[in-house]
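Atoms within each ligand, like the ligands themselves, are counted from 1 in listed order. A quick note: this is a predicted structure, and the numbers were derived from the prediction, not measured.
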Amino acid sequence: MEGDTIHDLTLLNSPAVDDISHLALDIGGSLIKMVYFSTSREKSVDKTQNKCSKDNLVTGRLYFLKFETSKINECLDFISSKQLHCRGVQHYGFPASDKNTIKATGGGAFKFADLFKEKLGISLDKVEEMGSLVSGANFLIKSVPSEAFTYVNGQRNYEQIDHNDLYPYLLVNIGSGVSMIKVDGDGKFERVSGTSVGGGTFWGLGKLLTKCKSFDDLLEMSHQGNNRVIDMLVGDIYGGMDYLKIGLTSTAIASSFGKAVSDNKELEEYRPEDVARSLLRMISNNIGQIAYLNALRFGLKKIFFGGFFIRGHAYTMDTISVAVDFWSKGEAKAMFLRHEGFLGALGAFMNYQLVEEFPCGARDNNQNPLVEDLKDNGIIECCLRASN
Ligand SMILES: Nc1ncnc2c1ncn2[C@@H]1O[C@H](COP(=O)(O)OP(=O)(O)O)[C@@H](O)[C@H]1O
Ligand SMILES: CC(C)(COP(=O)(O)O)[C@@H](O)C(=O)NCCC(=O)O
């Protein structure tokens, strides 16, 4: 797996409790994503010093965390132990009405509303999921340096996106399922397609077929595997030859898992690594292709991929990039986002309408903001607007 994926924060990395305010959640089919704002890294004891010099802005950082939805109690315990829902809200003049109400998106904002109320006394202020994904993506693409990148020949190439040339684009969020959204501007979007063959499919089928215990193990396995053992290639059908008349080389996959038909082997006779690789390739390819077809429908050249299925995994990004490039004959471009899985949670956070500036204040002691991001699990500097 690549090194600069944003992982869970450890408690060591967490800010002091008193300085945390404004928590937003995206409770999805597989994972709960959490974003919260804290001022604690400013080293200042006097909270007035945390105000930005101009206007009434408070400097701080956004922190990111995730939990498995099936272990929602861990998330509730974390919020409760750190009193995330009621600390710090009135510091710096943030509106007191925010207390005990948090912005939440995703299906779980509906499914678990009673649980949050019962266990923590928190009301979930529901924010629509597709809108959250879009505002999270727009914010990241426009305001966070070194956020968007292409993945070509094993290399991340960070893109400077021209704000005046951003729209329209296609946003493909690969969570448990996949949503494809045509984005035309801030708050201007349409969900144009989707597929149920997504991250949940990879993880679910992978678990059944390989008996692996965690998603990261499955990804790691896929890294070690060889899909040609199970996939039927064009060369397998054409006696080792390419079929160039229709643009297919002998090594192109003709039929995912197709070799298993004639192999007459039991599942146990295949290496789980090879099974994981074929599965990852099949699902990534399929999503890349459907994404391209939707981009073609609307004449979109830029396709941003988000969602935690991607997990910064080299092979996943490579497969998606190659699929988009192949089908579009180089016309469309697949781009990825460093905060891939947090689009919805960030969008819900934006709904507080306190975000004034991103990023706020210079990262004065380093030339490359990415370096600090890596150390800090994707922490983003920002300013929130205080009410006084
Ligand atoms: N630690 C993990 N546990 C479970 N799934 C994970 C994990 N890390 C990445 N994934 C992948 O991410 C997908 C969920 O992505 P996410 O964007 O959080 O969607 P959702 O909102 O549906 O939970 C899973 O289906 C799986 O493919
Ligand atoms: C229903 C969902 C929006 C829920 O979002 P998720 O929790 O998967 O991130 C998503 O799973 C989805 O778009 N599924 C594809 C359904 C379809 O278009 O066939």
Within a radius of less than 6.0 Å around CZ of Arg228, do more than 12 heavy atoms belonging to other residues, nucleotides or ligands occur? no
Report yes if Arg191 has an N/O atom closer than 3.5 Å to an N/O atom of ligand 2; otherwise report no. yes
Check this for me, if you would: do Glu159 and Lys333 make a salt bridge, where the nitrogen-to-carboxylate-oxygen distance has to be below 4.0 angstrom? yes
For this output row, return yes or no: ring centroids of Phe308 and Phe342 closer than 6.0 angstrom. yes
Only heavy atoms of Ser176, strictly under 4.0 Å: list the atoms of ligand 2 that pass. 8 (O)
Output, or 'none' if empty, a list of ligand 1-protein atom pairs in which both atoms are N or O and the distance is under 3.5 Å, rounded to 0.1 Å.
unit_1	atom_1	unit_2	atom_2	d
ligand 1	8 (N)	Arg311	NE	3.2
ligand 1	12 (O)	Phe308	O	3.4
ligand 1	12 (O)	Phe309	N	3.3
ligand 1	17 (O)	Phe308	N	2.9
ligand 1	18 (O)	Lys33	NZ	2.7
ligand 1	19 (O)	Ser176	N	3.4
ligand 1	21 (O)	Lys33	NZ	2.9
ligand 1	22 (O)	Gly29	N	3.2
ligand 1	22 (O)	Ser176	N	3.0
ligand 1	22 (O)	Ser176	OG	2.5
ligand 1	23 (O)	Gly29	N	3.4
ligand 1	23 (O)	Ser30	N	2.9
ligand 1	23 (O)	Leu31	N	2.8
ligand 1	23 (O)	Lys33	NZ	3.2
ligand 1	25 (O)	Ser30	OG	3.2
ligand 1	25 (O)	Gly199	O	3.2
ligand 1	25 (O)	Gly200	N	3.1
ligand 1	27 (O)	Gly199	O	2.8

So that I can tick it off, tell me whether Asp186 and Lys188 are bridged by a salt bridge, with the cut-off set at under 4.0 angstrom between side-chain N and carboxylate O. no
Quick one: does any side-chain atom of Thr105 pair with a main-chain N or O of Ala348 as donor and acceptor, under 3.5 Å? no
Where the side chain of Glu269 meets the backbone of Glu266, is there a donor-acceptor pair that is under 3.5 Å apart? yes
Per-atom contacts of ligand 2 with Ser179, taking only distances under 4.0 Å to non-hydrogen atoms: 3 (C), 12 (C), 13 (O)
Among all protein heavy atoms, pick out the one at the shortest distance from atom 5 (O) of ligand 2; state its residue, atom name and that distance to 0.1 Å. Glu129 OE2, 3.0 Å
Just to confirm my output: which protein heavy-atom neighbour is closest to atom 15 (C) of ligand 2, and how far is it? Thr195 O, 3.4 Å
I'd like to check whether Gly28 has a polar contact with ligand 2, where a contact means an N/O of the residue lying under 3.5 Å from an N/O of the ligand. no
Under a 4.0 Å N-O cut-off, is there an ion pair linking Asp274 with Arg271? yes
Under 4.0 Å from any heavy atom of Met130, which atoms of ligand 2 are there? 3 (C)
Side-chain donor-acceptor distances from residues 280-291 under 3.5 Å, at least two apart:
unit_1	atom_1	unit_2	atom_2	d
Ser284	OG	Leu280	O	2.7

Asn173 N/O under 3.5 Å from ligand 2 N/O: no
Inspect the contact between Arg61 and Glu381 and indicate whether a charged nitrogen and a carboxylate oxygen are less than 4.0 angstrom apart. yes
Return yes if some donor-acceptor pair links the side-chain N/O of Ser135 with the main-chain N/O of Gly131 below 3.5 Å, else return no. yes
Nearest option to atom 14 (N) of ligand 2, as decided by whichever heavy atom of Val178, Val197, Ile181 sits closest: Val178
Measure from the ring center of Phe336 to the ring center of Tyr151 and say whether it is less than 6.0 Å. no
In terms of residue, atom name and distance, what is the protein heavy atom nearest to atom 19 (O) of ligand 2? Ser196 N, 3.9 Å
Evaluate the side-chain proximity of Val229 to Tyr270: yes if any heavy-atom separation is below 4.5 Å, no if none is. yes
Heavy-atom nearest neighbour in the protein, as seen from atom 7 (O) of ligand 2, with distance rounded to 0.1 Å: Gly29 N, 3.2 Å
Protein heavy atoms: any of them under 4.0 Å from atom 1 (C) of ligand 2? no
So, regarding Gly177 and ligand 2 (criterion: nitrogen or oxygen to nitrogen or oxygen, under 3.5 Å), is there a contact or not? yes
